[in-house]
Every structure is written in structure tokens, then in C-alpha cells.
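Shown next, in C-alpha cells, is the structure this report addresses.
Side-chain atoms are counted along with the backbone in the values below, which use heavy atoms only and exclude waters and symmetry mates. Keep in mind it's a predicted model, so treat the numbers as computed, not measured.
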Amino acid sequence: MSAAAAALAVPAFSALAHTPASDVKKLGWRGVMRVVGEQGAVLVTNHDRPEAVILSTTEYQRLLKAAEAARAIQQDALQALRERFDERLASLQAPDAADRLRGLLAQPLSLAGQVRAGQTC
């Protein structure tokens with residue numbers, strides 16, 4: 001796993017410390033926060049069904065940073081696609097685009113028995 005992927009990793013419910021809602025009452029806030037401090041997060045269940053996750057501020061900030069990093073990665077990828085699209089569109093809008101296309105279509109196609117796939121530009 002890359003460092004970026006590790007930073008984006010969010011533990012599954014099964015990996016979190018569990019406590020029933022009734023124990024939250026028994027342990028009190030300090031007891032629950034002691035577990036949160038040790039584990040980073042606690043899954044509160046009600047009748048064995050996940051109901052809430054209590055996070056430490058450190059874990060919450062880590063998740064916010066991970067979300068921002070994921071957003072930045074996505075934006076970078078989208079920007080690269082926009083630039084590539086704009087370049088291709090600009091080549092289609094060039095004054096000699098029609099002549100270049102006619103020239104390509106006029107050439108005989110020769111694959112020499114090989115199938116070619118992928119980007120040709």
C-alpha cells in the first residue's frame with residue numbers, strides 16, 4: 001500500500017473497539033473517552049447494530065486531512081484530463097484540421113497483420 005493510500009485508509013467497523021450503548025451509560029463519558037484515547041475511535045452499538053462512532057480529535061483531523069488529500073488527487077486528475085481535452089480540441093479547431101484529417105483518411109490502412117489498440121496521437 002502506498003503512503004497516499006495508507007493516509008486515506010479508514011478502518012472498517014469490525015476493526016474498531018466496540019461498546020454497547022448501555023456500557024456508555026455504565027462507563028460514563030470519562031470511561032468512553034479513555035477507550036477513545038487508547039483506540040482512536042469507538043463504535044457504539046445498539047442491539048449489536050452500529051449506531052455511532054466516537055472519534056478522538058486527532059483521528060477526526062486525520063480523516064479531514066485524508067479527505068482533503070483525496071480531493072486534491074481527484075482535482076489533479078481532472079485538471080490533467082481538462083488540459084488533454086483542450087489540447088485535442090485546439091488541434092481540431094486549427095485552420096488546417098480538415099486538410100490533415102482528409103490526408104489521414106486518404107492513406108491506406110496497413111496493420112501488417114497486427115492489431116493496434118490505444119492512443120495514436
Side-chain angles (χ1 to χ4, degrees):
M1 181 184 303
S2 71
L8 298 175
V10 176
F13 283 158
S14 60
L16 295 174
H18 289 66
T19 188
S22 59
D23 281 358
V24 172
K25 287 183 181 180
K26 287 182 207 172
L27 295 171
W29 186 248
R30 284 188 179 168
V32 171
M33 290 312 295
R34 189 177 323 111
V35 177
V36 169
E38 293 169 0
Q39 302 288 324
V42 172
L43 175 66
V44 179
T45 59
N46 189 12
H47 300 288
D48 294 326
R49 290 181 35 219
E51 191 165 87
V53 176
I54 302 172
L55 303 171
S56 68
T57 55
T58 303
E59 182 65 10
Y60 180 75
Q61 288 173 338
R62 185 192 74 79
L63 290 173
L64 286 178
K65 286 179 184 175
E68 183 57 38
R71 199 172 303 116
I73 290 169
Q74 183 180 34
Q75 288 302 315
D76 290 347
L78 286 173
Q79 184 59 33
L81 284 173
R82 281 186 198 105
E83 289 171 3
R84 203 166 137 208
F85 176 82
D86 289 345
E87 288 171 6
R88 290 184 177 193
L89 181 60
S91 72
L92 291 175
Q93 293 175 336
D96 66 336
D99 292 333
R100 285 186 294 136
L101 181 59
R102 279 189 211 97
L104 283 173
L105 293 175
Q107 294 177 4
L109 181 63
S110 174
L111 296 179
Q114 297 177 359
V115 175
R116 295 183 185 180
Q119 190 172 4
T120 57
C121 305

Determine the minimum heavy-atom distance between [X] and [Y], stating which atoms define it.
X	Y	answer
T19	V42	CG2-CG1, 3.3 Å
S91	R88	OG-O, 2.7 Å
G40	E59	O-CB, 3.5 Å

Verify same cluster id: [X], [Y] (apolar side-chain graph, 4.5 Å):
X	Y	answer
V35	M33	yes
V53	L64	yes
V24	V36	yes

query: Who else is in F85's hydrophobic cluster (ILVMFWY, side-chain heavy atoms under 4.5 Å, direct or via others)?
result: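 L89, all in the cluster of F85.
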query: Using a side-chain heavy atom cutoff under 4.5 Å and only I, L, V, M, F, W and Y, what cluster partners does L101 have?
result: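 Answer for L101: L105.
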Going from [atom1] on [X] to [atom2] on [Y], what distance comes out if it is rounded to the nearest 0.5 angstrom?
X	Y	atom1	atom2	answer
T45	L16	OG1	CG	11.5 Å
L55	L43	CG	CG	10.5 Å
D86	Q93	CG	CD	9.5 Å

- prompt: Can you name the salt bridge (Lys or Arg N to Asp or Glu O under 4.0 Å) partners of D48, sequence neighbours left out?
  reply: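 D48 satisfies salt bridge (Lys or Arg N to Asp or Glu O under 4.0 Å) with no residue once adjacent residues are dropped.
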- request: For R102, enumerate each residue passing the salt bridge (Lys or Arg N to Asp or Glu O under 4.0 Å) test, keeping only those at least two apart in sequence or located in another chain.
  value: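 Residues passing salt bridge (Lys or Arg N to Asp or Glu O under 4.0 Å) with R102: D99.
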message: Considering only residues two or more places apart or on different chains, which pairs with a residue in residues 25-39 satisfy side chain to side chain donor-acceptor pair (under 3.5 Å)?
response: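 Applying side chain to side chain donor-acceptor pair (under 3.5 Å) to every pair that reaches into residues 25-39, excluding sequence neighbours, yields nothing.
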- request: For residues 67-77, pull every pair meeting side chain to side chain donor-acceptor pair (under 3.5 Å), keeping only residues two or more places apart or in separate chains.
  value: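 Matches after skipping sequence neighbours: E68-R71.
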- request: May I ask you to say whether R84 pairs ionically with E87, meaning some side-chain N is under 4.0 Å from a carboxylate O?
  value: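 No, R84 and E87 are not salt-bridged.
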